[in-house]
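Quick notes on the structure that follows.
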Protein chains: 2
Amino acid sequence: MSVTIKDVARVANVAPSTVSRVISDSPRISERTKRKVRKVMEELGYHINYNGRVLVSQSTQTIGIVTKVSTVHSFDNPFFSELLRGISDACHEEDYSIYLTTGNTEEAIFKEVVKMVQGKRVDGVIVLYSREDDKVVPYLRDCNFPFVMVGKPVNRAGETMFVDNDNILASKEVTDYLIQLGHERIGFIGGDSHFEVARDRLEGFRQALANGHLEEDKNLQKNIQSGLADADQVVEELLQVKDPPTGLVITDDYNALTVMRALTSKGLKLPEDMSIVGFNNTMIARLSNPALTTVDTQSFQLGHESARSLIDLLNRPDMIKKSVIIPTVIVERDSCHPRKTIKQKD
Amino acid sequence: MSVTIKDVARVANVAPSTVSRVISDSPRISERTKRKVRKVMEELGYHINYNGRVLVSQSTQTIGIVTKVSTVHSFDNPFFSELLRGISDACHEEDYSIYLTTGNTEEAIFKEVVKMVQGKRVDGVIVLYSREDDKVVPYLRDCNFPFVMVGKPVNRAGETMFVDNDNILASKEVTDYLIQLGHERIGFIGGDSHFEVARDRLEGFRQALANGHLEEDKNLQKNIQSGLADADQVVEELLQVKDPPTGLVITDDYNALTVMRALTSKGLKLPEDMSIVGFNNTMIARLSNPALTTVDTQSFQLGHESARSLIDLLNRPDMIKKSVIIPTVIVERDSCHPRKTIKQKD
DNA sequence: GCGCGTTATGATATCGATCTCATATGATTG
DNA sequence: CAATCATATGAGATCGATATCATAACGCGC
């Protein structure tokens, strides 16, 4: 069908192996022959077929990306898009390609992973989440297949390459920020607690409260899980509490915006009646009204570093399993306000 | 290294070709042998190596996705994420995999495409944009390589498979919607006019004005291009016009929200002082305040259909080059308001 | 002028699967 | 019971590249 190395060899009157050597620019071939062969390649419109090369070199120059269940909340979330851009960028620099897993259920994703790993379609894998009860990561460990996680591994962190923020610290800092503003009743709205990141951020939140000698009230800790409890309900509950919060730490920009909507529809004034901080600094944080103060987790960098680390690992399989922590930055916008010193009658 | 078909053959005491036939569940192999071979595969932990198969079958069961330059505005935009989800979903149903091109410049993208097409890494390609001055589509045509576009081709539509909305109609309808609400001065804020979609939506907008016997004022037609003119500037300009608009058609939810922010910061009340419609019905439309009325372009379906069409084409290469039009729906929310019958003095 | 080391190239096996063609075996039939 | 045929399996070529080993050609020193 298309032009192969043999066609080139025949026309150029050399052996296929010579053509192969010209392709890899081997120093063992004379300049004269190289020129001749290259001319023929040009004339015939030759282009290498990677599949042939892959078979012998046992390397695909491709990395696989595994995301969590994608039905509603993964691609949807701009955070993931940014991650993907970062990965994509790093891959391109190193001339690697990207192979994307899809799949709507955990089981489907797992099968896809097995298929791409065992089927030798990728050289390594980036896992874009960290959660307990996950089959993918243990599987990759068992196979001894090169992989990098975005997010801190649930266990055996020492044996695993990962790229992450210091989520405990980030959450602590941003809670501190609210405390500095005078808030004493601070609520926390997290995501799916199966994920490591959710637990870390709650932990940081609690540390900040403890540090600030503020009482921890479980009634102020809520969850928004995709589909399950929605913002309206959570807001409802938070406002019912006697002595309701004046500040909220929300672990995701998207959810933060949802909550803001719910609050305004209840007649609260933002940021005067409720100070809010989000996480991730996605583009939507800039768009809300008031603009959202949020923790920039530098998702692009997170993605970029994860790909770079994986490629490093592929190049030197025996390298030490380093982990990379990407610093976070609080981006101050307009969604926070010093606590009003109301309740004069007290 | 890993277990191959030959290892299985040796242990099971059959020929490699027999094992291959068992894999493809050929009816020419007895049930007894199949059971025996399968048992050995199980025991040895055999898994097919796709690269071998690809080489002989000349098919990768993989489709490539080409997006426009990704630096700022492609993955960023939830519209693309939804498209990707739709593609991903359809691919998974048909057991196809996804190969993603990256690249920060047009030239880099073009090279990636050549690489994946000539290098035989994918069976077909989905191009997620339609623009003039594009090298990718003409190239794919020249190679006679199977591809599907999302968006109407700039030319030679009859020879090209594509999936699209009727953007002219959609834009006309949504402009009509504003006209029905009594608006007579309506502005249009589009995107990069290199893209076919931008031109179509402008066209529909103009048709609606003409139909409604409204005068077309070029001063009310603006553009927001990624990075270039920003919302504040555009809003500034629009409000400077004598007899400024009371309604705006904005061809993208993201830009619509940017404009809304700019308007409120100028002290306008929404939707009373300005009615706004967006496009795409991305998740951010739901989050704005007031919630954005927008044209649902059904991006998930767009992606889904494009993948399905491509896979159809791959299965029957001589099939007629059909095109699919996905209907649009206006999603009414709270960002539009009947025109106030002010200017009593008139 | 013979032996030897270099250099440039060729011949061939190989990667892991599939596919075509050949063949052994057993069943069917006149 | 020989001829014929269907069935189940094996042998070997093949896909398009790379890599190893062999070898031809050449120059050089003694």
Side-chain angles (χ1 to χ4, degrees), chain A residues 1-38 40-41 44-62 97 115-123, chain B residues 1-41 44-62 95 97 115-123:
Chain A
M1 195 70 40
S2 37
V3 183
T4 76
I5 216 171
K6 283 179 193 157
D7 300 320
V8 175
R10 188 164 8 84
V11 175
N13 235 302
V14 295
S17 39
T18 302
V19 178
S20 174
R21 279 186 274 249
V22 171
I23 291 171
S24 56
D25 201 20
S26 154
R28 314 190 57 99
I29 297 290
S30 69
E31 275 310 317
R32 226 171 64 96
T33 311
K34 278 185 187 171
R35 268 197 303 277
K36 182 174 67 175
V37 171
R38 289 201 179 111
V40 173
M41 298 199 310
L44 299 186
Y46 170 80
H47 196 287
I48 193 170
N49 179 325
Y50 287 100
N51 305 127
R53 172 184 291 186
V54 162
L55 197 53
V56 37
S57 70
Q58 302 285 29
S59 145
T60 58
Q61 288 277 114
T62 301
S97 308
K115 198 169 132 186
M116 76 178 178
V117 167
Q118 297 292 344
K120 304 274 157 58
R121 303 199 94 145
V122 300
D123 293 346
Chain B
M1 194 70 41
S2 37
V3 182
T4 78
I5 215 171
K6 283 179 194 157
D7 300 319
V8 175
R10 188 163 9 85
V11 175
N13 235 302
V14 296
S17 39
T18 302
V19 178
S20 173
R21 279 186 274 249
V22 172
I23 291 171
S24 57
D25 202 19
S26 156
R28 314 190 57 100
I29 297 290
S30 68
E31 275 309 320
R32 224 172 64 98
T33 312
K34 278 184 187 172
R35 268 196 303 278
K36 182 175 67 176
V37 171
R38 288 202 179 109
K39 184 149 160 280
V40 173
M41 297 199 311
L44 299 187
Y46 170 80
H47 196 287
I48 194 170
N49 178 325
Y50 286 101
N51 304 125
R53 172 185 291 186
V54 162
L55 196 53
V56 36
S57 70
Q58 302 285 30
S59 144
T60 58
Q61 289 278 113
T62 301
D95 217 37
S97 309
K115 198 169 132 186
M116 77 179 176
V117 167
Q118 298 292 345
K120 304 274 159 56
R121 303 199 94 144
V122 300
D123 293 345

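Chain identifiers are assigned alphabetically (A, B, ...) following the order of the sequence lines, protein sequences preceding nucleic acid strands; residue numbering begins at 1 within each chain.
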| query | For Asn51(A), which contact category applies under a 4.0 Å heavy-atom criterion: base, sugar-phosphate, or nothing? | reply | nothing
| task | Describe the nucleic acid contact of Asn13(B) in one word from base, sugar-phosphate, nothing, applying a heavy-atom distance below 4.0 Å. | result | sugar-phosphate
What's the [atom1]-[atom2] distance between [X] and [N], to the nearest Å?
X         : N       : atom1 : atom2 : value
Lys6(A)   : dG10(C) : NZ    : P     : 15 Å
Arg121(A) : dA17(C) : CZ    : C1'   : 13 Å
Leu55(B)  : dT14(C) : CG    : C1'   : 12 Å
Lys34(A)  : dA8(C)  : NZ    : P     : 9 Å
Arg10(B)  : dG10(D) : CZ    : P     : 14 Å

| task | On DNA chain D, check which nucleotide each of Lys120(B) and Val14(B) is closest to and give me the residue with the more 5' one. | result | Val14(B)
Would you mind reporting whether [Y] and [X] have side-chain heavy atoms less than 4.5 Å apart?
X        : Y        : value
Lys36(B) : Val14(B) : yes
Thr33(A) : Arg21(A) : no
Arg38(A) : Asp25(A) : yes
Tyr46(B) : Ile5(B)  : yes

| message | Angle between the two end axes of the helix from dG1(C)-dC30(D) to dG30(C)-dC1(D), five base pairs per end, rounded to 10 degrees? | response |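 It comes to 60° between the two terminal axes.
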So how far is it from [X] [atom1] to [Y] [atom2], rounded to the nearest 0.5 Å?
X         : Y         : atom1 : atom2 : result
Asp123(B) : Met116(B) : CG    : CE    : 11.5 Å
Lys115(B) : Gln61(A)  : NZ    : CD    : 7.5 Å
Ile29(A)  : Ile23(A)  : CD1   : CD1   : 11.5 Å

| request: Please list residues of residues 17-33 of chain B whose heavy atoms come under 4.0 Å from any atom in DNA chain C, ordered by number; otherwise none. | output: Ser17(B), Ser20(B), Arg21(B)
| task | Give a yes or no on whether the backbone of Ser26(B) and the side-chain of Lys34(B) come within a donor-acceptor separation of less than 3.5 Å. | result | yes
| request: For residues Ala12(B) and Val40(B), report the shortest heavy-atom separation together with the two atoms involved. | output: CB-CG2, 3.7 Å
| query | Reckon Gln58(B) has a side-chain N or O less than 4.0 Å from the OP1 or OP2 of dG16(D)? | reply | yes
| said: Looking at Tyr50(B), I'd like to know whether one of its side-chain N or O atoms comes within less than 4.0 Å of OP1 or OP2 on dT18(C). | reply: no
| query | Relative to the 5' end of DNA chain C, which residue comes earlier, Ala15(A) or Ile48(B), by the nucleotide with the nearest heavy atom? | reply |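 Of the two residues, Ala15(A) wins.
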